[in-house]
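Encoded as structure tokens, the structure appears first; notes follow it.
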Amino acid sequence: MNTCCNEHARASAGLPAIEPGMPEPAGTGLSRRSLLLRSAGLGLAVYGAGKLAKLPVFESGVAHAQAGGPNTVLLNVFLDGGLDSLSVLAPVEDATYQRLRPKLALKDGRPFSEDSRLRWHPSVNALADLHAEGKVSVLPAVGYTGADQSHFTSRHFWEVGALDANLRTGWLGRVLDRVGAADNPLQGVSLDGQLAPSLATARNPVAAIDEPEDFGFWAPGAWGPAMDNAVPAFTNIGRSLLGASDPAIAQAAQAAAFAGTVRDALAPLGKDGKPLYAPAAAYPQSTDAFPKRLSGFAAMLAAGLPIRAASLRAPGTWDTHANQAETMPKNLQLTFDSLLAFQRDLEARGLADRVLTLVWSEFGRRAAENGSGTDHGAAGVGFLIGTRAAGRMIGEFPGVDKLDNQGNLRATSDFRGLYGALCGDWFGVDPAAVLPDARGIGKPVILK
Amino acid sequence: MHYVVGVSSYKGTFGEEQATRLLWRAGFGPKPGQAAELAKLGLRGAIHSLTRPASKRLVGPNPRVDGAPLAPRDAWGHDHLWWLDRMVRTEAPLVERMTLIWHDWFATSKAGVPQKLMLRQNALLRRHALGNFERLTLDITKDPAMLLWLNGTSNNVWDPNENYARELQELFCLGAGRGYTEKDVRQLARALTGFANDWTDSGPTRFRYERKRHDAKAKKIYGKRGKFTWQEGVKLVTRHGKHPEFFARKLWGYFIPSAPSAATVKALAKLYVKSDRDVRPVVEAILAHPDLYAAGRRMVKPPVVQCAGMLRATGRGIDTAAWAWLCEIAGQYLFMPPNVSGWDDSRWLDTATFRARWLMTQHVCDPARLDPEKGATAPMDAGELVKQAVAFWGDPSLSGPVRAGLERYAADTLATADKPWKQTAYPVLAVNTLRMLVATSPDYLTS
């Protein structure tokens with residue numbers, strides 16, 4: 001790796017909160033070209049010294065992001081398996097609920113200020129805190145008409161943003177095809193090491209990252225030019241086959257063509273697995289990578305990487321057919337404690353107004369329990385978190401007295417309406433161009 | 001071997017190139033010289049040698065990690081290494097590949113199942129590798145790992161649990177929403193009640209069927225009424241009119257990336273039913289199909305297939321535990337598919353998993369690295385350096401753009417050798433990097 005990267009990386013190590021007008025970090029000895037992009041009162045610092053200055057993608061990515069609007073970012077957090085909404089916001093005093101859930105019904109919890117029937121699960125106090133601060137819009141029964149109880153079909157609908165089994169691009173991928181650039185793989189990043197289907201684009205590149213502090217390439221027994229030329233070589237080979245007619249070759253070519261760009265952009269964040277950044281908030285300690293990935297993501301945003309959308313799976317499985325009372329609380333706790341820390345991290349770094357976090361699951365679960373768990377249901381719960389989030393409920397809690405004919409919760413908001421509002425109000429993209437079957441579905445107010 | 005009515009078979013040249021593709025698709029790639037040998041048998045002989053192997057022996061040195069044998073039932077990752085070793089050393093590669101296909105098809109994960117029960121399931125899948133799908137489905141229904149994974153032992157007459165009944169239809173036998181309703185899911189769950197297990201401090205034990213836990217009352221499934229037992233429930237699904245075509249399409253997808261024509265699906269389904277739901281004849285028909293050998297229809301090698309294949313090509317065995325985490329970051333940790341629908345074969349490669357394959361390759365190349373200070377030499381000739389690097393992997397065929405990229409790398413690197421010592425050293429170093437570039441090229445990442 002070029003030594004200029006190391007200097008550069010040290011300069012941004014332990015990056016403190018970046019506020020507009022803040023002095024440059026002391027003691028770095030580096031003449032930092034700090035590019036403060038201000039829009040809507042937001043500060044975005046770009047460290048352009050050394051290696052990064054040689055990266056056309058990085059510069060043009062930022063330029064594109066600037067031109068595309070206010071540099072907003074959406075973090076898409078997926079709770080895989082179908083979160084039991086009736087355990088997150090529970091109608092604890094409802095006799096029908098208690099009858100349907102003889103073993104699993106919640107008995108108590110903090111009141112939910114927007115609906116006196118509901119109480120928060122004790123393991124999501126972090127979320128209740130953020131809600132009390134006006135930073136969470138709750139969707140208490142989000143779904144779509146004719147809910148499909150297959151994990152894979154329902155999840156696919158949410159990922160592609162349409163009730164279309166054959167659509168192959170993700171809804172965020174189509175947003176990125178419009179607001180993104182042909183040379184910026186960082187505009188859409190999967191943070192858990194494999195490409196998220198929601199981010200699948202038709203044209204523009206996207207990236208997957210496992211650990212931002214570990215993205216080096218090394219060849220055994222090579223050094224000097226023989227090593228330095230390696231990344232440009234696989235980049236060139238990838239580029240020469242971009243858009244190949246064979247889809248397998250095209251996939252391999254795209255990965256090869258942009259892996260080097262990602263390496264260069266991540267260089268300031270760490271080397272050989274050692275992070276050169278420090279979180280600006282305390283994250284939960286866990287063997288699960290979720291909190292660490294969120295902390296790395298906050299550092300990536302703080303380093304000015306040209307990101308517009310990111311995707312991450314929440315820890316654990318939410319497919320609680322059995323032993324729900326044992327597994328669900330700890331997964332809830334870790335997920336929302338981590339998201340609270342992430343929010344605090346963004347706030348401390350002065351980035352909070354640029355980022356919204358969407359938390360979703362493919363469906364909710366059956367109102368009646370099955371013994372020690374719950375089977376697949378229909379409407380579920382979703383959250384939109386951020387300082388810019390309206391903080392007002394979208395749709396209402398339909399109650400457990402008027403279930404559908406399969407004993408499932410009815411939807412009072414449609415995920416495509418939410419996506420439409422995000423397209424228009426957050427990304428500045430025409431929702432009709434992204435969401436093929438959302439015409440006529442009302443768009444909620446999502447921003448303050 | 002069957003000549004299948006309505007299923008076309010490949011009529012072109014069956015040379016080393018076609019044999020190589022067959023070995024990657026129906027196994028884990030060739031060992032040195034193996035593709036040439038297979039090509040001599042002709043298409044039918046080659047397929048026959050894979051579907052009816054003369055030997056199922058493992059050849060080569062036993063796996064060892066840190067000087068000790070593997071502990072697949074106990075040590076984390078050793079289960080993965082144990083199976084990877086079979087893939088590397090087997091003389092019956094299609095048997096292992098079919099076992100991998102069934103692992104993906106009936107995807108069960110040690111995320112919810114003890115490792116030793118995963119190994120027991122693995123033996124079951126291998127036993128049925130090229131056997132009968134209905135018997136496999138009956139056996140997997142009562143397999144302890146599956147009973148835990150999809151809550152078969154939580155499904156009882158008092159509290160029916162739909163999990164297995166749903167996936168049996170949606171993922172294993174019929175396809176989402178094809179020929180069944182939500183009512184059928186609930187009714188079939190009732191037929192499948194009756195399994196039980198105990199829990200001890202060391203985990204689940206005593207898997208069994210108990211009559212009193214079974215719902216013996218009448219059920220209505222696919223419009224038929226009866227007091228269906230669990231076996232009858234399973235057979236209602238495997239004899240459902242929509243099952244044979246689902247089976248044919250899904251199996252096809254493991255070997256050929258483009259969709260089969262409607263006529264091909266029909267013919268394969270017919271063959272399957274005619275042979276009483278045997279797997280082997282359908283596999284043989286698919287392996288002989290012209291689409292498998294067509295240009296422009298490459299498949300990304302699954303990570304464990306590439307890993308085993310690189311070890312086979314370079315004559316190396318399992319001598320480090322690294323293959324477990326390397327396959328994991330590449331997206332395929334054995335015994336731990338991402339969910340019950342298995343691995344997503346359409347998205348193996350992105351920037352992160354490309355880097356993981358680079359690391360995997362690095363671990364293959366490391367012990368074989370050439371060192372100019374220890375006497376390794378290579379000429380100042382770009383074409384020759386590329387040739388040497390390709391030979392390291394057993395001379396896989398490369399496309400024009402990849403070869404051009406490799407030669408450009410070699411030429412650029414040699415051009416910096418402006419002193420005599422560099423002219424001695426740099427060609428050798430370049431071969432080391434070229435080996436990496438060959439195995440991570442789009443040509444080698446696919447087959």
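Values below: all heavy atoms of this structure, side chains included; hydrogens, waters and symmetry mates excluded.
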Q. What residue, out of A:Ala208, A:Ser190, A:Pro197, has the most heavy-atom pairs lying under 4.5 Å from chain B?
A. A:Ala208

Q) With a 4.5 Å limit on heavy-atom distance, are the side chains of A:Lys103 and B:Asp159 in contact? A) yes

Q: Check each atom of A:Pro232 against the heavy atoms of chain B and say whether the ones under 4.5 Å are side chain, backbone, both or neither.
A: neither

(Q) Please verify the inter-ring angle class for B:Phe354 with A:Phe217; under 30° counts as parallel, over 60° as perpendicular, anything in between as tilted. (A) tilted

(Q) Taking side chain as everything from C-beta outward and backbone as N, CA, C, O, which of these in B:Ser341 sits under 4.5 Å from a heavy atom of chain A? Side chain, backbone, both or neither. (A) both

Q) Under a 4.5 Å heavy-atom cutoff, which of B:Lys422, B:Arg408, B:Met299 has the most pairs with chain A? A) B:Arg408

Q.
To the closest 0.5 Å, what do you measure between NE2 (A:His376) and CG (B:Asn163)?
A. 5.0 Å

Q) Side chain, backbone, both or neither: which part of B:Glu170 has a heavy atom under 4.5 Å from chain A? A) side chain

**Q.** Euclidean distance, B:Thr446 OG1 relative to A:Asp246 CG, rounded to 0.5 Å
**A.** 7.0 Å

Q.
Quick check: closest heavy atoms across B:Asn161 and A:His321, and the distance to 0.1 Å?
A. ND2-O, 3.1 Å

**Q.** Proximal component of B:Arg186, with respect to chain A [non-hydrogen, under 4.5 Å]
**A.** side chain

Q | For the student: nearest non-hydrogen atoms of B:Ser154 and A:Ala322, plus distance | A | OG-CB, 3.9 Å

Q. Between atom OG1 of B:Thr413 and atom CG of A:Asn229, what is the distance when rounded to the nearest 0.5 Å?
A. 4.0 Å

(Q) Please classify the contact between B:Ala404 and chain A as side chain, backbone, both or neither, with a heavy-atom cut-off of under 4.5 Å. (A) neither

Q.
Let's test your reading of the structure: which of B:Arg297, B:Gln362, B:Met436 forms the most heavy-atom pairs below 4.5 Å with chain A?
A. B:Gln362

Q: Name the region of A:Asp192, side chain, backbone, both or neither, that has any atom closer than 4.5 Å to a heavy atom of chain B.
A: neither

Q: Search all heavy atoms of B:Thr351 against all heavy atoms of A:Phe215 and return the closest pair with its distance.
A: O-CZ, 3.5 Å

Q) When rounded to the nearest 0.5 angstrom, what is the spacing between CD1 in A:Ile249 and CG in B:Leu445? A) 8.5 Å

Q) chain A heavy atoms under 4.5 Å from B:Arg166: which part of the residue, side chain, backbone, both or neither? A) side chain

Q.
For chain B, which candidate among A:Ala257, A:Gly81, A:Ala230 shows the most heavy-atom pairs at distances under 4.5 Å?
A. A:Ala230

**Q.** Options A:Thr153, A:Asp210, A:Leu241, ranked by heavy-atom pairs under 4.5 Å with chain B, top entry
**A.** A:Leu241

Q) Looking at A:Glu369, A:Glu211, A:Arg366, which has the largest count of heavy-atom pairs under 4.5 Å with chain B? A) A:Arg366

Q: Evaluate the side-chain proximity of A:Asn408 to B:Glu182: yes if any heavy-atom separation is below 4.5 Å, no if none is.
A: no

Q | When B:Thr433, B:Leu406, B:Val431 are compared by non-hydrogen pairs under 4.5 Å with chain A, the top option | A | B:Thr433

Q) When heavy-atom pairs shorter than 4.5 Å are enumerated against chain B, which of A:Arg313, A:Gln149, A:Gln194 gives the highest number? A) A:Gln149

Q.
If we define contacts as heavy-atom pairs under 4.5 Å, which of B:Gly405, B:Pro401, B:Ala352, B:Ser399 has the most with chain A?
A. B:Ala352

Q | Heavy-atom pairs under 4.5 Å with chain B, option from A:Pro205, A:Ser372, A:Ala244, A:Ala207 with the top count | A | A:Ala207

Q. With side chains defined as the heavy atoms from C-beta onward, is the minimum distance between B:Arg355 and A:Asp214 less than 4.5 Å?
A. yes

Q. Given side chains that start at C-beta, do those of B:Asn432 and A:Pro220 come closer than 4.5 Å, heavy atoms only?
A. no

Q) So what's closer than 4.5 Å to chain B heavy atoms on A:Asp375: side chain, backbone, both or neither? A) side chain

Q: Give the minimum heavy-atom separation between B:Pro160 and A:Asn370, together with the two atoms involved.
A: O-CB, 3.6 Å

Q | Engaged part of B:Ser346 at the chain A interface, taking heavy atoms whose separation is under 4.5 Å | A | backbone

Q: Report the distance from atom CG of B:Leu429 to atom CE of A:Met227, rounding to the nearest 0.5 Å.
A: 11.0 Å

Q: Scan A:Leu199, A:Val206, A:Val262, A:Leu195 and name whichever one has a side-chain contact (heavy atoms from CB on, under 4.5 Å) with B:Asp350.
A: A:Leu195

Q. Measuring heavy-atom distances to chain B, does A:Ser150 have an atom under 4.5 Å in its side chain, in its backbone, in both, or in neither?
A. both

(Q) Is there a side-chain contact between A:Ile237 and B:Tyr409 in this structure, where contact means two heavy atoms from C-beta onward sitting under 4.5 Å apart? (A) no

Q.
When you compare the side chain of B:Asp366 with that of A:Trp218, does any pair of heavy atoms fall below 4.5 Å?
A. yes

